[in-house]
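Every chain is numbered from 1, with letters handed out A, B, ... down the list of sequences.
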Amino acid sequence: ATTAVLVRAPPRVRRLARQLGVDLTKVRGTGPRGAITEEDVRRAAAMLAAAPPPAALPP
Amino acid sequence: MPVMNMVEALNTALREEMKRDKRVVVLGEDVGRRGGVFLVTEGLIDEFGEERVIDTPLTEMGIVAFAIGMAMYGLRPVAEIQFIDFIYEAFDQIVNNAAWYRFRSGGMYSVPLVIRGPCCGGIRGGMHHSQSNESYFIHTPGLYVVMPSTPYDAKGLLKSSIRSDDAVIFLEPKSIYRTIREDVPEEDYTVPLGQARVVQEGSDVTLVTWGAMVHLAKEAAELLRDKRGWSVEIIDLRTLQPWDKDIVVKSLEKTGRLVIVHEARRILGPGAEIAAYISENHIELLRGPVKRVASYDTPYPLAHEKLYLPNIAKIYRAVSDVMQW
Amino acid sequence: MPVMNMVEALNTALREEMKRDKRVVVLGEDVGRRGGVFLVTEGLIDEFGEERVIDTPLTEMGIVAFAIGMAMYGLRPVAEIQFIDFIYEAFDQIVNNAAWYRFRSGGMYSVPLVIRGPCCGGIRGGMHHSQSNESYFIHTPGLYVVMPSTPYDAKGLLKSSIRSDDAVIFLEPKSIYRTIREDVPEEDYTVPLGQARVVQEGSDVTLVTWGAMVHLAKEAAELLRDKRGWSVEIIDLRTLQPWDKDIVVKSLEKTGRLVIVHEARRILGPGAEIAAYISENHIELLRGPVKRVASYDTPYPLAHEKLYLPNIAKIYRAVSDVMQW
Amino acid sequence: PFKPVEGSVVEEYKALLEEAMGFKRAVDEEGRVVDEGLLPKISEGDIIEIYTYMVRARVIDSWLLKLQRMGKVALHAPNKGQEAVAVGAAKPLRRDDWVFPSYRELGAYLVRGMSEEEILDRALANADDPLKGSDFAIFGNRRYNLVPAPVPVGNQIPISVGAAYAMKYLGRDTITLTFFGDGATSRGDFHAGLNFAGVFKVPAVLVIQNNQWAISVPRARQTAAPTLAVKGLAYGVPGIRIDGNDVMVVYKVVSDAAEKARRGGGPTLVEAVTYRLGPHTTADDPSRYRKSEEEKVMERYEPLRRMRKFMDSMGIMTEKEALALEEEWNSRVEEIVRRVLAKPPLPENVFFQNVYSEKPWFILEEERDLEETLRTMEELGLSYRE
Amino acid sequence: PFKPVEGSVVEEYKALLEEAMGFKRAVDEEGRVVDEGLLPKISEGDIIEIYTYMVRARVIDSWLLKLQRMGKVALHAPNKGQEAVAVGAAKPLRRDDWVFPSYRELGAYLVRGMSEEEILDRALANADDPLKGSDFAIFGNRRYNLVPAPVPVGNQIPISVGAAYAMKYLGRDTITLTFFGDGATSRGDFHAGLNFAGVFKVPAVLVIQNNQWAISVPRARQTAAPTLAVKGLAYGVPGIRIDGNDVMVVYKVVSDAAEKARRGGGPTLVEAVTYRLGPHTTADDPSRYRKSEEEKVMERYEPLRRMRKFMDSMGIMTEKEALALEEEWNSRVEEIVRRVLAKPPLPENVFFQNVYSEKPWFILEEERDLEETLRTMEELGLSYRE
Ligand SMILES: Cc1ncc(C[n+]2csc(CCOP(=O)(O)OP(=O)(O)O)c2C)c(N)n1
Ligand SMILES: Cc1ncc(C[n+]2csc(CCOP(=O)(O)OP(=O)(O)O)c2C)c(N)n1
Ligand SMILES: [Mg+2]
Ligand SMILES: [Mg+2]
Ligand SMILES: [Mg+2]
């Protein structure tokens, strides 16, 4: 029931990512020990918003 | 309004409470003619006599147990422990009886006792005249644990402690006994137990502290503002148990960053509970780690106390760390 | 391999160490003819005589101080505290001397002492025969604090403790003294201090615990698997100070969720340090809050111990809470 | 200070030494009066009352043992053989004096006015338990100025001395009476308590129930001093050694010491020599550390038998009548036990009360946590009762 | 147990009582021999040596005071007036005996072989401090079997008794010598220590430096017992009261007690009556609680003056020669002080050593934290030295 990828982000950042629809496994952390910070998530969210919507995945 | 240092404020509080209430008695080693080694009880024996200002034989166990008996019978004893470092002989009596007699007796007996004494370091007192051992008491239900950081609070908190129906451990940071002077009203006032105070407002990081560290925190905050432009909110807990969680949570809602500064050692120091409580109940408020600036987990070293205790550099580092998040 | 309960395993450990090393002596109240009230020292007096298995006068302060002197002179005393709840009279000697003599003497004297005794609740022992007071010792640098959860570990950890050059507080959860039996090798083996053990692997949540709670945790994990399909990793710390942070961090890298279960009270219970350490150094591993399942912050109540102590329902709730994150 | 102590003080101390190493008794083990002067001046009615308290103590003691075996009482510390100390010492006190018992003073509770029902409520920790189920083996009730003892042996000693100081300070003419065992004399609390009692000359009577054993540790292992009473001398407190199985001498000596204390004459330490005829507690097995022969020899000295012989020889009550009293009380208590067993248990959240005078936030949070837990238990079909 | 203590024991105790309430002295305050039998059988050379140790103790004591006033020593507890107890008790011991001092035994350290330089290293907590700057006012060195005292008053008493038990258990013929103050007799540790000493009949000599004061609390407030030696009787330990300012009787009585202990005769409690002529510590102001007249009267009893008169009258050394010795040692120590003040301080991370036998992970983490902190301090231009 868990992801195999180790995500490093404090709970508050994880919550924000959920709210903004950011997939944390795809975010590069700039915080201590490479952890993802709130700013990292906001930046990723901004890029998501700027980028064109992804093509539908093949079934 | 007279200007007082903490020793004078405490002396005044004792004097006023003894005048107000015949049940208040003072006891301990050298509290009589000597007036206590820091002179907190100075002059009381002249005003109230030997039966109310009691020089005891040299045993903390005896002092505390004797005071428990007095309190159960209806007095309001204020027991001085000459240095809080010497309290351990009394630990059995404090835990089992001062803290728990109400519970053990189904509420039939209470122990309205104040155990007070100089605590904490910074005056080259060495291992046995410098300890910050509040954790042992915070972990013991039934006790209030109090530590003032200013003369004003010292007087108001000691009065509340004497009037409380529970046993109070009242810790006096001796390094600021005489270094801080401020206006202290002559009239009767109290500072309620369990309520913290915002020493200064800030928006970037919340610094929770108490006792002499409040003043260190203020210095550090200034440096952080000047050097880094960060705005530090400082909270003085004043009562360490029960601690004022609401004021801390409210501050964290603003800052999202928490640093705790205390003279007690780090491992199971009071900061451990604050950090644990926040991460248990309000972790979503945190942008990053909860940092503790505490003494190291060694006995108190006479020769290097300035490196052992929290200092400005350590606070500076801890705040810088949490500001990375 | 003989099957033993924890009492038998401890008795064997003492017997073997006493055979191996003449410096090992046992002392305490009723440890001689009576064999200790739980029979941990049964038969030792017959084998080793009154000078090595010493019934003392009734004072924990005396027992501990006397043992400190023995240890400083070169013996390896194992001092029994009849119930660990009675240790407070010895607190002064434990803190100032057992824990700190090495430091105070610049390393010239050490105190290779083991203080052991039954701890913890669950057998209708009431306020003074049920306490889990390990926090007081964890907060005191210089001490090792150990608590086994199985007969195998009990033997191996007690041997390590006796051979350690530091003072060890060895806590025996009396509720599982005789309830768990397992193979215990006859040969000499030790379980190293400071190393935890993964009791069972899991992927959803890390449950850190020790002593009798290990067995409760196993029951709860089964229920959680059956009812909710969650996979619980259980870590038995075995040594509470210094605790094995690496094993916990490694587990959190997998699960991202932490629940701590202990019989000690919550406020500044050992769980506070674990939670604080993780939120200070590894908060980025956490998906959500660190939950503590502990006893309530009241004295131990005889009449309602089952509601006071951690129980399966409380663990169930705590895990359910962290699984929401 | 550079000289010997004055001769008169040395003489005084020699006299104290004789009292501390002697052995006062009014009535010997065969019920014969051996020292008229040590018989208290009390009426026949008083004597019967005293004997009745001793009988009631023995009866309720045996019921507590039975209830423990039935699993109803968590633990009991038998009183058998020590009834004379508890009753004889408590009887001469006033209601407004304070008594600090240990855990073998059922007789003292009864003398103070506690009923068998109240004792059972406590022992069973039911809804009427005044101590709210906090601990076992401990009794006390403020209504009777009977302070619940701490379980840590001897803790009550310096506490009681503090209470005595408070009485003196407030100008009351009350006193404290404190009980503790031979084992307790080794604890720091004894040292502090006796020393403060001496220094502050408090109105206190301190009674050692020297029952020869501290669980398995014999009296001789407790201290190398020849008696326990002699320890008083280390504190400037007179120590008197008496036959604790002779209720008459206990009454007389404590009564005198109490009046002396009341008049400002300071504290007295009384070593009451007695013997524990049963196990230490229901969790103990004395055969591990003492021969049953010893117990048999000691049966001869036990206080009820002696009182029966004494009353018989004095024409107060025949031995047969005296034995019948025991039967009678046994039936009465059986009745009470039946009633008490039917009482409801303590409420589940009782242990959140009385931690503080007012509940701080964390107690309130935890009280809510308990409610939540009880709900979860119901959901999961778990029960916390055996 | 139901009988009085045997007559012979009572008689024995009466004799003990006389010793405990008496006052042994060999030489009076004017240097006159008052009891030949209490003079130790030692040579003139020994006497000069003993006097020299007393002189050296006084000299280093005064230097420690000076250095404290200069801010070099954190705190000092003056020894002045009590040199005879420390020197007289330590001198008869063997090198392999263990000494547990308190904090007024400079003379004992010297006798054990510690040099002035070593005392100063310790007091200044410099790089050569064997106790590594851990605390103030405490001295000790394993090399001399001189165990550093705990600052909590009296803690060393039961610890030393445990060490004495270990000696006996291991079959050694060594003993322990323990020093403590009049105030220390009130602590639980005294009670436990003396009681264990009596019960286990350990080879120990326990010396009370009864200097009449515990800071401001006079001896009479410490206990209502007429002497402190009488406390031994509570533990079956003989208590002997002596003139602690008469180094001859201290030597004699401790020497006898030590040999008795060595031969398996058990422990002895010695109450050495003395007087603290200075303040309690450099942080104290005695004028708050005692009249300076008292001190003046007590000067007459001080031990160095007495020794000079004694030696003069015995033709061992004139008073003038004896006084010159003090001058001589003062110059020597001045030299040493100069050298010691130039020594480097302890390393910054010294306090992470000796917490455990091996550093656990959290100590290592914190040691790194200190390094980091020192770097930050440098960056910020902060210093931790005054
Ligand atoms: C401080 C402390 N240590 C140990 C115990 C366990 N314990 C309970 S009763 C007892 C013996 C007490 O002996 P004594 O004082 O002679 O009283 P008695 O039981 O003989 O009445 C012991 C060791 C305790 N209750 N408190
Ligand atoms: C347990 C403890 N309580 C209090 C103190 C503070 N204190 C230091 S010395 C002292 C008085 C000691 O008196 P005494 O035992 O007579 O020794 P003296 O100083 O006279 O040599 C006190 C109260 C202490 N060191 N330890
Ligand atoms: Mg109060
Ligand atoms: Mg007994
Ligand atoms: Mg003194």
Side chain / backbone / both / neither for E:P347 at chain B, heavy atoms under 4.5 Å | backbone

In this structure, CG of B:L302 is separated from NZ of E:K132 (nearest 0.5 Å) by 14.5 Å

Under a 4.5 Å heavy-atom cut-off, does chain B meet the side chain of E:D284, its backbone, both or neither?
-> both

Toward chain E, the part of B:L39 with a non-hydrogen atom under 4.5 Å = side chain

Below 4.5 Å, heavy atoms only, C-beta onward: do E:R187 and B:M61 meet side chain to side chain?
-> no

Write down the atom of B:L58, the atom of E:G183, and the distance for their closest heavy-atom approach.
-> CB-O, 3.4 Å

Given a strict heavy-atom distance threshold of 4.5 Å, which part of B:Y88 is in contact with chain E: side chain, backbone, both, or neither?
-> neither

Rounded distance (nearest 0.5 Å) linking atom CZ of B:R317 with atom OG1 of E:T373 | 4.0 Å

Look at the rings of B:H304 and E:Y384 and say which category their plane angle falls in: under 30° parallel, 30 to 60° tilted, over 60° perpendicular.
-> perpendicular

Counting only heavy atoms closer than 4.5 Å, note whether E:L346 contacts chain B via side chain, backbone, both or neither.
-> both

Nearest-0.5 Å distance, CG of residue B:D297 to OH of residue E:Y356 = 8.0 Å

Residue E:I138 versus chain B: region with a heavy atom under 4.5 Å = neither

Distance (rounded to the nearest 0.5 Å) between E:N155 CG and B:H128 NE2 = 7.5 Å

Which region of E:A137, side chain (C-beta onward) or backbone (N, CA, C, O), has a non-hydrogen atom less than 4.5 Å from a non-hydrogen atom of chain B, or is it both or neither?
-> neither

Which pair of heavy atoms, one from E:D135 and one from B:G125, lies closest together, and at what distance?
-> OD1-O, 4.0 Å

Verdict with reasoning, B:Y296 to E:D369, per side-chain hydrogen bond (donor to acceptor under 3.5 Å, both in side chains) = CA-CA 9 Å; B:Y296 293 119; E:D369 183 272; 2.7 Å; yes

Max heavy-atom pairs within cutoff under 4.5 Å with chain B, candidates E:V151, E:I363, E:L382, goes to E:V151

Verify side-chain contact (heavy atoms from CB on, under 4.5 Å) between B:V37 and E:H280, making sure each step is shown before the conclusion.
-> CA-CA 11 Å; B:V37 299; E:H280 170 69; over 6 Å; no

Quick one: what part of B:N311 sits under 4.5 Å from any heavy atom of chain E, side chain, backbone, both or neither?
-> side chain

Give a yes or no answer on whether the side chain of B:D30 reaches the backbone of E:S216 with a donor-acceptor pair at less than 3.5 Å.
-> yes

Of B:E89, B:E305, B:K314, the largest count of non-hydrogen pairs under 4.5 angstrom with chain E goes to B:E89

Taking all heavy atoms of E:K72 and all of B:R124, pick out the closest pair and write down the distance.
-> O-NH2, 4.0 Å

Chain B contact via E:E372 - side chain, backbone, both or neither, heavy atoms under 4.5 Å = both

So, the part of B:T56 with a heavy atom under 4.5 Å from chain E: the answer is backbone

Nearest-0.5 Å distance, CD1 of residue B:I315 to OG1 of residue E:T376 | 12.5 Å

Among E:V355, E:I215, E:T185, the residue with the most heavy-atom pairs under 4.5 Å to chain B is E:I215

So what's closer than 4.5 Å to chain B heavy atoms on E:L370: side chain, backbone, both or neither?
-> both

Would you give the length of the straight line joining atom NE2 of E:H191 to atom OG1 of B:T59, rounded to the nearest 0.5 angstrom?
-> 11.0 Å

For B:A313 and E:M377 the tightest heavy-atom approach is CB-CG, 3.3 Å

Verify, without hydrogens or angle tests, whether E:R221 (side chain) and B:D55 (backbone) share a donor-acceptor contact under 3.5 angstrom.
-> yes

Find the one option among B:I312, B:L223, B:L307 whose heavy-atom pairs under 4.5 Å with chain E are most numerous.
-> B:L307

Which atoms of E:V217 approach chain B - backbone, side chain, both or neither, heavy atom under 4.5 Å | both

